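Order of listing sets the numbers, starting from 1, for every ligand and every atom in it. Everything quoted here is computed from the prediction, not taken from an experiment.
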Amino acid sequence: MLLSATVSAKTISIESLNAKSTVKIKLYVLDCGTIQARDMSLFNPLLSTRKPMNMAVPCYVIKHPTKGILVWDAGLQDDIAKSSHGVEAHQGVFHLTVKRTMLSQLKEIGVEPKNVTYFAPSHLHLDHSGNANYFTQSKLLMQNSDYQLAFSKDAAKYGFDVNHYFELKSAEHVPLNGDYDVFGDGSTIILSTPGHSPGHQSLYLKLVKTGDVILSGDLYHFAENRANYGIPVWNDKKQTIQSFAKIDHILDNTSASLWIQHDPEEAKLKNMSPNFYD
Ligand SMILES: [Zn+2]
């Protein structure tokens, strides 16, 4: 028998996801900007409309009662807040605005970047890595595939702009290959969901009062993507379909709700920081 050269990716069991957690984690939703996409069909070619659409850009803080703090995604760059009308990106394909800086919202809930234990970006596109350079002292929880890519000459091909995250090179990287239990107690689990980038990841949280939620990263951009399984033009289709199936399987077999991070209608309903979900 030939031994495979690659170590197969870790997959968390449905049984583990269904195991009840009594760990009182808190989830804060920060407003880390807005992206206007001038043609939303780029994100879902199955839509006939080519109209513009505003996408919410949240970032998240998870406070564990005893094991530290996780920041999930780093939003759009705080510097954009200096331009009251926002800035253009990708030759006018996007218009970016930031009303409140991530730093000020972290401060409001008593968090300084240097005290963040773990930083986990769903992936490193500009709306998820804008403030990544704040988190050089945190342990970096990224799939090894995206990490290797991020610091290679191919980064730009995957839409990664190294200026947003180059300081992470000095951070301690925990090289992930698949699903990962962040605090080791089942409360907070990174799910490998490749497709939007080779190492794209989502986050499964067990909130004692709110119930279980999955933060989608960019597995889906809008509710419509989930309704018709539309796949953005940049994605690896095969990987994305497999990731859709993985998350569908989890949603069908657990009590978790899916939070589609960029969905503007969903964003309006969120209880924003300094309030929190527990
Ligand atoms: Zn995004």
Side-chain angles (χ1 to χ4, degrees), residues 29-45 47 52-61 71-78 80 86-99 102 119-132 135 141-143 145-146 149-150 155-165 168 190-203 213-226 229-237 239-240 243-244 247 258-268 270:
V29 187
L30 278 53
D31 171 4
C32 290
T34 304
I35 301 180
Q36 186 184 61
R38 296 239 159 77
D39 173 5
M40 69 178 284
S41 69
L42 290 172
F43 293 95
N44 188 343
L47 295 176
M53 188 169 191
N54 289 330
M55 296 192 281
V57 183
C59 28
Y60 303 86
V61 175
V71 167
W72 175 254
D73 278 341
L76 291 167
Q77 257 181 330
D78 277 354
I80 297 169
V87 300
E88 295 285 285
H90 291 283
Q91 289 84 40
V93 175
F94 304 119
H95 188 79
L96 318 175
T97 47
V98 172
K99 297 271 183 248
M102 183 183 192
F119 171 56
S122 59
H123 62 302
L124 289 173
H125 288 163
L126 86 173
D127 50 319
H128 300 264
S129 64
N131 302 303
F135 303 106
L141 303 179
M142 276 179 73
Q143 302 295 320
S145 48
D146 261 19
L149 188 63
K157 277 191 214 161
Y158 288 85
F160 296 169
D161 180 350
V162 73
N163 291 311
H164 289 138
Y165 57 76
L168 292 181
I190 289 175
L191 301 172
S192 166
T193 49
H196 190 56
S197 70
H200 181 276
Q201 46 193 17
S202 306
L203 188 67
V213 303
I214 300 173
L215 305 182
S216 67
D218 280 4
L219 178 65
Y220 299 102
H221 287 78
F222 310 113
E224 290 91 337
N225 290 99
R226 179 153 161 73
Y229 293 105
I231 298 175
V233 294
W234 310 279
N235 282 33
D236 178 306
K237 272 197 176 164
Q239 283 185 341
T240 304
S243 293
F244 285 170
I247 295 299
L258 182 68
W259 287 15
I260 299 179
Q261 295 185 194
H262 283 311
D263 188 275
E265 296 309 315
E266 201 179 300
K268 285 179 197 160
K270 290 288 179 285

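- The Zn ion (ligand 1) has an N, O or S atom of His128 closer than 2.8 Å.
- Taking OG of Ser122 as the start and CE of Met142 as the end, the distance is 9.5 Å to the nearest 0.5 Å.
- Within Asp218, the N/O/S atom positioned nearest the Zn ion (ligand 1) carries the name OD2.
- Side-chain atoms of Leu76 and Cys32, non-hydrogen and from C-beta on, never get closer than 4.5 Å to each other.
- Taking the six-membered ring where tryptophan is involved, the planes of His123 and His200 are tilted, since the angle between them lies from 30° to 60°.
- The atom of Asp127 that is an N, O or S and sits closest to the Zn ion (ligand 1) is OD2.
- The nearest N, O or S atom of His125 is not closer to the Zn ion (ligand 1) than 2.8 Å.
- Nearest N, O or S atom of His262 to the Zn ion (ligand 1): atom NE2.
- The closest side-chain donor-acceptor pair between Asp218 and His128 falls under 3.5 angstrom.
- Partner Phe119 forms a ring-ring contact (aromatic ring centres under 6.0 Å, His included) with one of Trp72, Phe135, Tyr165 and no other, that one being Phe135.
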